[in-house]
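Down below is the structure, laid out as structure tokens.
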Amino acid sequence: MERISTIHEINDLINKKEITYKEVTNAYIHRIESVEEKVQSLLKFMPEEALKKAEEADESGNTLSPLNGIPYGLKDNICTEGYETTCASKILYNFVPPYSAAVAENLNASGAILLGKTNMDEFAMGSSNENSSVKKTFNPWDISRVPGGSSGGSAASVAAEEVVFSLGSDTGGSIRQPASFCGVVGLKPTYGLVSRYGLIAFASSLDQIGPITKDVTDCAIVLNTIAGHDKRDSTSVSMEKKDYTTFLNREIKGMKIGIAREYFAEGLNSQVESLLKEAIKTYRDMGAEIVETSLPYSKYALSAYYIISSAEASSNLARYDGIRYGYRTEEFDNLLDLYKKTRSEGFGEEVKRRIMLGTYALSSGYYDAYYKKALQVRTLIKEDFDNAFKSCDVLLSPTCPTTAFKIGEKSANPLEMYLSDIYTVPVNIAGIPAISVPCGFDREGLPVGMQLTGRAFGENDILKAAYAFEQATDFHKKRAVI
Amino acid sequence: MDYEIVIGLEIHSELDTNSKIFCGCSTTFGAEENTQTCPVCLGLPGTLPVLNKKVVEYAVRAGIAMDCKIANFSKLDRKNYFYPDLPKAYQISQFDLPICQRGDVEIEVGDYKKTIGITRIHIEEDAGKLIHDSGEGTLADNNRCGVPLIEIVTEPDMRSAAEARTFAEKIKSILEYTEVSDCKMQEGSLRFDVNLSVRKNGTKELGTRTEMKNLNSFRALERAVEAESRRQIFELERGNRIIQETRKWDDDNGESFSLRSKEEAHDYRYFPDPDLVPIVLENSYIKEIEDHLPKLPWVRKKDYMEKWNLSEYDADVLTVSKDTASFFEKTVEACGDPKSVVNWIMGDISAALNEQNISMKDVKFSPGDLGELIGLINKKAISVSIGKQVLKQMMETGESPSKIVEKSGLSQMNDEDELKKIVLTVLEKNPQSVEDLKNGKEKAIGFLVGQIMKETKGKANPQVVNKLIKDNI
Ligand SMILES: [Zn+2]
């Protein structure tokens, strides 16, 4: 069977009865068996369960849902009832949740077939997947390079065509940055659009689950299934459901695309910059209006992000104490000793760094100087975007300042690693949606991502802009050769 | 005494909601360990809290009853600390923006009245319970995790153990009347923390205070205040300083001991819980709750005195507990005779309750039944003394008075012809008494009536009997 790669292509073949669901699933299982050794994107692989579901899908003959019978991957911080959900952390190495995340329930109800749980930076803290306590994942375009992070396994598995699509989570760029590094499409939805119920929290006020797909059409299809109000998540927004696929057309004449001058400044790789300039030209040629704008406070975004996300993480991760589930140290003298040893041994370096940073930022005497100040910056950044969207419909920027870096290149220097998220972080701080789509390749053949950012609940705008660009270019069709 | 005692209280009360504050688990007390839990109250990874609206409503009710300002905007915060009874390692509580602030509660202690300031009331979740004596090391029972609480914090306005106790009792009565809490003290539904300091009379500045946590009876509260104030005065008199610390009250031995000093105090690192949204209350919502607030004890007391001419003493006693007040009101509604209802409740019923060590809530018969009993007496269908017998059976079986009267043939004998025969026989048998009565010894009539009552097993209408005796001597 020839390799097929998108949800909509598979649906076409199924509808023409040229292929069965079982054949689809089998093809992906074989693909995993042949490339996973090199990519290392999966923490768990469930071929038997998947095949059984595929057979059921063939028997029922139900083709009502476009996700019916489609094999997918879930980042390992998304709970799956009965299957380990570990956050790639030693401290949760044996945790089997007795419930599934809302998104996993939705996908299951739509008939999609879970084929594996994907690798990630421990507790979603990292930009390279090197912080996984289990293993490193490699970039399918160049296995000497990182896939990005923290949803590196999710992005690599889609790029390597081990699954048709996957879900990741994005707290500061964790979907978009690896999507950019792996040459696939990644969407961080508006905060509150997708239920966080069952997503193991890193930073609750920033975390959002989103799709990683081969193209924009698939992105819209998956978003249709996972978006929507969930009464189990108090921050989930109740609003009328949209069919995002209806916004996918090339008619973007007159659409205002904003370029923030701060995003094309020093630190941006020149090859990435020139590809972005090409993309801007493509939009201009399609009849979009290019508007220059400014996001003056975005230079404080990274600092505010590390305070807010670490503060929340220090509290969210406090429950891993060795008392009820997960890793517990072998020997201890008393309760305090149990806590100290369990947490010292169970968490990796980066996680401990953030817990300490967050604990410090919330401590009495420092709260006002750090946490409170960061919240003030957060308000300013939101206002920045509000102002920018007065003159444009979407903002165009690079997703990352560089292409995928070498394994080990930045792991010794956390601050340099943090800079990888400089364009993605402000979006989370403001709670708005952004998508990363492929916009070309550098001289070494590594994919470059373009980020399109929209107003709150403006997924339709960015999907439309992304789709139009995709139709005008061929970057999404190029495949990684493994 | 040269010293003034300064007391502030923090009162934790479990709310009487059916389900927990952030999940759907039951709050019923006494269930088997860890059977009333779910992934949310166990704080399992990935779960999220959803605020129970009833908790907000109950807190607002308590706030209105304590004359607080109800916040249009308040929020929930995380209080972070590690302990095995706290599965998330943080308690969801309210820090700087509580739901109710600045209230007043009036108390009456002996012959004076006094207003105690309420600093704030906030909502929070309870923690679980550790069981140390299982024989398998320490175990955790998480049934109580997430049971809703309000914490009521007072100003340091109380000056004696009696004031503290009276205030605590008043709070209990308010929480019961507003149906916010069942206040079952033996189940830990109402717990007191005492902040106490002493200062020389006439001093303006407050002394260094200590805190005693988790007192769960009025007696313990009173005794702890007395002992701690004595201890502090003793220390000061000896020239020692009071150390700011948390102390544990040992009610069995009547003394407290130091738990931890302020230097070792936690830094709880409060911050707004990002999993929850702020609590925004419209004025119309607050008004709606206010309009439907159950009548408070002092309002009822006033009603009883004005509408039904009860004495202040009677009105006070009846309104001490909501169950008694409600029983009283419903009985009056049923029979329209408040004075008799007071007499029965404060007399025979109260005595029987004391004897059996039960409360009004446990009474087997309804206010309607008691009303019926009073009606039977007022109609002279039975005498008061028969009524007392009937009540005894009502307490035992819960049967209606008319049924008891019918079953036991206890109806009053009012028929003159029937009674006349008995009267004549008794008079014949007791010539000496008849003689005495004729000679003006009025006391003799009592004896004769008693004999007739004995013959009729108490069923004879005493007024008819009296008349018949006078007519036939
Ligand atoms: Zn529960």
Side-chain angles (χ1 to χ4, degrees), chain A residues 77-79 85-87 92 95 97-102 123 192 195-201 203-207 230-236 308 311-312 314-326 335-336 338-340 343 358-367 371-372 375, chain B residues 21-24 34 37-53 75-92 95-96 128 130 132 137-142 145 262 264-280:
Chain A
N77 58 354
I78 298 173
C79 286
T85 302
T86 69
C87 290
L92 281 178
F95 177 65
Y99 45 86
S100 282
F123 282 103
S195 170
R196 289 185 297 118
Y197 189 84
L199 169 67
I200 299 184
S204 315
S205 76
L206 301 162
D207 295 342
D230 179 3
K231 62 181 189 332
R232 293 169 298 181
D233 175 359
S234 311
T235 62
S236 147
I308 294 169
E312 292 180 11
S314 73
S315 173
N316 283 333
L317 273 59
R319 70 189 69 189
Y320 310 117
D321 56 8
I323 301 282
R324 289 161 300 275
Y325 50 81
L335 182 63
L336 189 62
L338 165 67
Y339 286 153
K340 281 183 174 171
R343 290 170 63 80
T359 304
Y360 183 82
L362 289 175
S363 298
S364 76
Y366 300 99
Y367 183 93
Y371 188 73
K372 203 171 159 195
L375 292 187
Chain B
I21 183 166
F22 298 119
C23 66
N34 294 311
T37 60
C38 72
V40 175
C41 56
L42 290 175
L44 291 187
T47 60
L48 296 169
V50 177
L51 180 60
N52 179 348
K53 288 197 176 87
K75 64 183 173 68
L76 293 149
D77 301 281
R78 293 186 184 178
K79 178 180 179 179
N80 296 284
Y81 64 95
F82 288 96
Y83 206 63
D85 66 4
L86 192 68
K88 298 190 296 295
Y90 57 81
Q91 179 194 27
I92 304 177
F95 182 52
D96 53 342
L130 295 186
H132 297 287
T138 300
L139 299 176
D141 174 11
N142 294 297
C145 288
K262 198 200 167 199
E264 303 162 48
H266 288 295
D267 178 358
Y268 290 118
R269 289 171 285 117
Y270 279 102
F271 76 106
D273 193 327
D275 286 331
L276 290 157
V277 290
I279 303 168
V280 179

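Computed from a predicted structure; not experimentally measured. Naming convention: chains lettered A, B, ... in sequence-line order (proteins, then strands); numbering from 1 in each chain.
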Just how far is it from atom CG of N80(B) to atom OG of S314(A), taken to the nearest 0.5 Å? 6.5 Å
Roughly how far apart are S363(A) OG and D267(B) CG, rounded to 0.5 Å? 5.0 Å
Which pair of non-hydrogen atoms, one from [X] and one from [Y], has the smallest distance, and what is that distance?
| X | Y | result |
| --- | --- | --- |
| Y90(B) | S315(A) | CD2-OG, 3.3 Å |
| E312(A) | R78(B) | O-NH1, 4.2 Å |
| S204(A) | D275(B) | CB-OD1, 3.1 Å |
| T235(A) | P274(B) | CG2-O, 3.6 Å |

Side chain to side chain contact (heavy atoms under 4.5 Å, CB included) evaluation trace for L335(A) with F82(B): CA-CA 10 Å; L335(A) 182 63; F82(B) 288 96; over 6 Å; no
Measure distances from Y81(B) to the heavy atoms of chain A and classify the residue's part below 4.5 Å as side chain, backbone, both or neither. neither
Which atoms of [X] come close to chain B, meaning under 4.5 Å heavy atom to heavy atom: side chain ones, backbone ones, both, or neither?
| X | value |
| --- | --- |
| L199(A) | backbone |
| T359(A) | both |
| N77(A) | neither |
| Y325(A) | side chain |

What option among [options] has the most heavy-atom pairs under 4.5 Å with chain B?
| options | value |
| --- | --- |
| T85(A), L362(A), I323(A), L92(A) | L362(A) |
| R196(A), R232(A), R319(A) | R319(A) |
| S364(A), S205(A), A311(A), P98(A) | S364(A) |

Intermediate values then yes/no, side chain to side chain contact (heavy atoms under 4.5 Å, CB included), V50(B) and K231(A): CA-CA 8 Å; V50(B) 177; K231(A) 62 181 189 332; over 6 Å; no
Is the closest side-chain heavy-atom distance between Y197(A) and V40(B) below 4.5 Å? yes
Can you confirm whether Y371(A) sits close enough to P272(B) that some side-chain heavy atom of one is under 4.5 Å from a side-chain heavy atom of the other? yes
Could you check Y367(A) against R269(B) for side chain to side chain contact (heavy atoms under 4.5 Å, CB included), going step by step and ending with a plain yes or no? CA-CA 8 Å; Y367(A) 183 93; R269(B) 289 171 285 117; over 6 Å; no
When P49(B), G43(B), A140(B) are compared by non-hydrogen pairs under 4.5 Å with chain A, the top option: G43(B)
Tell me which of these, L48(B), L42(B), T47(B), has more heavy-atom pairs under 4.5 Å with chain A than the rest. L48(B)
Got more than 12 heavy atoms from elsewhere within 6.0 Å of OH, Y366(A)? no
